[in-house]
Amino acid sequence: MTLTTAYVCVLIAALLPYLWVAISKASGERYDNRDPRRWQEKQQSPRAQRAYAAQLNSYEAFAPFAAGVVLAQLAGVAHSQIAALSLAFVTLRILHGLVYIAGRHYLRSLIWALGLACVVWLLVQAALHVAP
């Protein structure tokens, strides 16, 4: 695996929130583009609410992941390790969104923690590679 793999994973992670919000909009009442925030507040569909929450969570997870990839690269971490952790993270984030929408809260939390572990591992490896 190469660094290109990791960069493609960053791109996928950046786009995931838009997938979840599209599912939210398709799962709720007729979407009102003139007032999207108020439209979201009025949604009664649990699926629409959970998909929206998955979107927000994806935004929150993106920055630390992208930073981890960049810092690991700058620190000289093996590209194959960065790519493997990136693939694991993106796979887990896709699963996270799917189980979030399905309402499987215990499984969602487990998957979230595993994704966070990938990010922490990237950051730890970066720190270890620049330590004197």
Side-chain angles (χ1 to χ4, degrees):
M1 287 186 275
T2 67
L3 201 53
T4 301
T5 303
Y7 286 179
V8 169
C9 288
V10 171
L11 174 61
I12 293 168
L15 296 175
L16 273 177
Y18 302 102
L19 171 62
W20 307 135
V21 78
I23 292 171
S24 176
K25 290 174 181 178
S27 300
E29 299 170 14
R30 188 166 191 265
Y31 180 67
D32 180 3
N33 196 42
R34 288 169 287 188
D35 195 1
R37 295 186 191 265
R38 194 168 327 176
W39 174 87
Q40 184 61 50
E41 292 171 2
K42 294 189 285 185
Q43 293 313 296
Q44 298 298 312
S45 164
R47 179 181 165 96
Q49 292 171 348
R50 290 190 302 262
Y52 180 70
Q55 174 205 19
L56 296 178
N57 192 274
S58 290
Y59 283 130
E60 294 164 1
F62 175 72
F65 168 63
V69 169
V70 171
L71 291 174
Q73 179 197 5
L74 291 174
V77 176
H79 292 179
S80 60
Q81 186 177 19
I82 298 169
L85 288 166
S86 297
L87 279 171
F89 176 82
V90 165
T91 301
L92 289 163
R93 291 306 304 178
I94 291 168
L95 289 172
H96 177 268
L98 294 173
V99 298
Y100 207 141
I101 293 167
R104 305 284 308 270
H105 57 282
Y106 291 122
L107 184 56
R108 179 195 80 221
S109 295
L110 173 63
I111 293 169
W112 176 88
L114 292 172
L116 178 62
C118 292
V119 171
V120 169
W121 191 256
L122 281 167
L123 293 169
V124 167
Q125 288 302 304
L128 291 175
H129 278 76
V130 296

Query raised in the report: Applying the 4.5 Å side-chain criterion to the ILVMFWY set and letting contacts propagate, would Leu128 and Val120 be lumped into a single cluster?
Result: yes

**Report entry** Separation between CD of Gln55 and CG of Leu16, rounded to the nearest 0.5 Å
**Finding:** 11.0 Å

**Report entry** Geometric cation-pi criterion, Arg50 with Tyr100: 6.0 Å, 45°
**Finding:** no

Requested in this report: To the nearest 0.5 Å, tell me how far Leu11 CG sits from Ser86 OG.
Outcome: 12.5 Å

Query raised in the report: Hey, what's the ring geometry for Phe89 with Phe65, parallel, tilted or perpendicular (30° and 60° as the breaks)?
Result: parallel

Report summary line: Only one of Trp112, Trp20, Phe62 passes side-chain contact (heavy atoms from CB on, under 4.5 Å) with Asn57, and that residue is Trp112

Query raised in the report: Linking Ile, Leu, Val, Met, Phe, Trp and Tyr through side-chain heavy atoms less than 4.5 Å apart, which residues share a cluster with Leu92?
Result: Leu95, Val99, Leu107, Leu110, Ile111, Leu114

Query raised in the report: For Tyr18, does the OH atom have more than 12 heavy-atom neighbours from other residues, nucleotides or ligands under 6.0 Å away?
Result: no

**Report entry** Remaining members of the apolar cluster that contains Tyr52, side-chain heavy atoms under 4.5 Å
**Finding:** Leu56

Query raised in the report: Would Val10 end up clustered with Val90 when hydrophobic side chains under 4.5 Å apart are linked, directly or stepwise?
Result: yes

Requested in this report: To the nearest 0.5 angstrom, please state how far the OG1 atom of Thr91 sits from the CZ atom of Arg93.
Outcome: 12.0 Å

Which donor-acceptor pairs under 3.5 Å do side chains of residues 67-82 form with protein atoms, sequence neighbours excluded?
| residue | atom | partner | partner atom | Å |
| --- | --- | --- | --- | --- |
| Gln73 | OE1 | Tyr7 | OH | 2.3 |
| Gln73 | NE2 | Tyr7 | OH | 3.3 |

**Report entry** Rounded distance (nearest 0.5 Å) linking atom CD1 of Ile12 with atom CD1 of Ile94
**Finding:** 6.0 Å

Requested in this report: Give the intermediate values and the outcome of side-chain contact (heavy atoms from CB on, under 4.5 Å) for residues Thr5 and Val8.
Outcome: CA-CA 5 Å; Thr5 303; Val8 169; 5.9 Å; no

Report summary line: Tightest non-hydrogen contact, residues Ala54 and Gly97, listed as CB-CA, 4.3 Å

Report task. Identify the two heavy atoms, one from Ala51 and one from Ile23, that lie closest to each other, and give their separation to 0.1 Å. Result -> CB-CG2, 4.0 Å

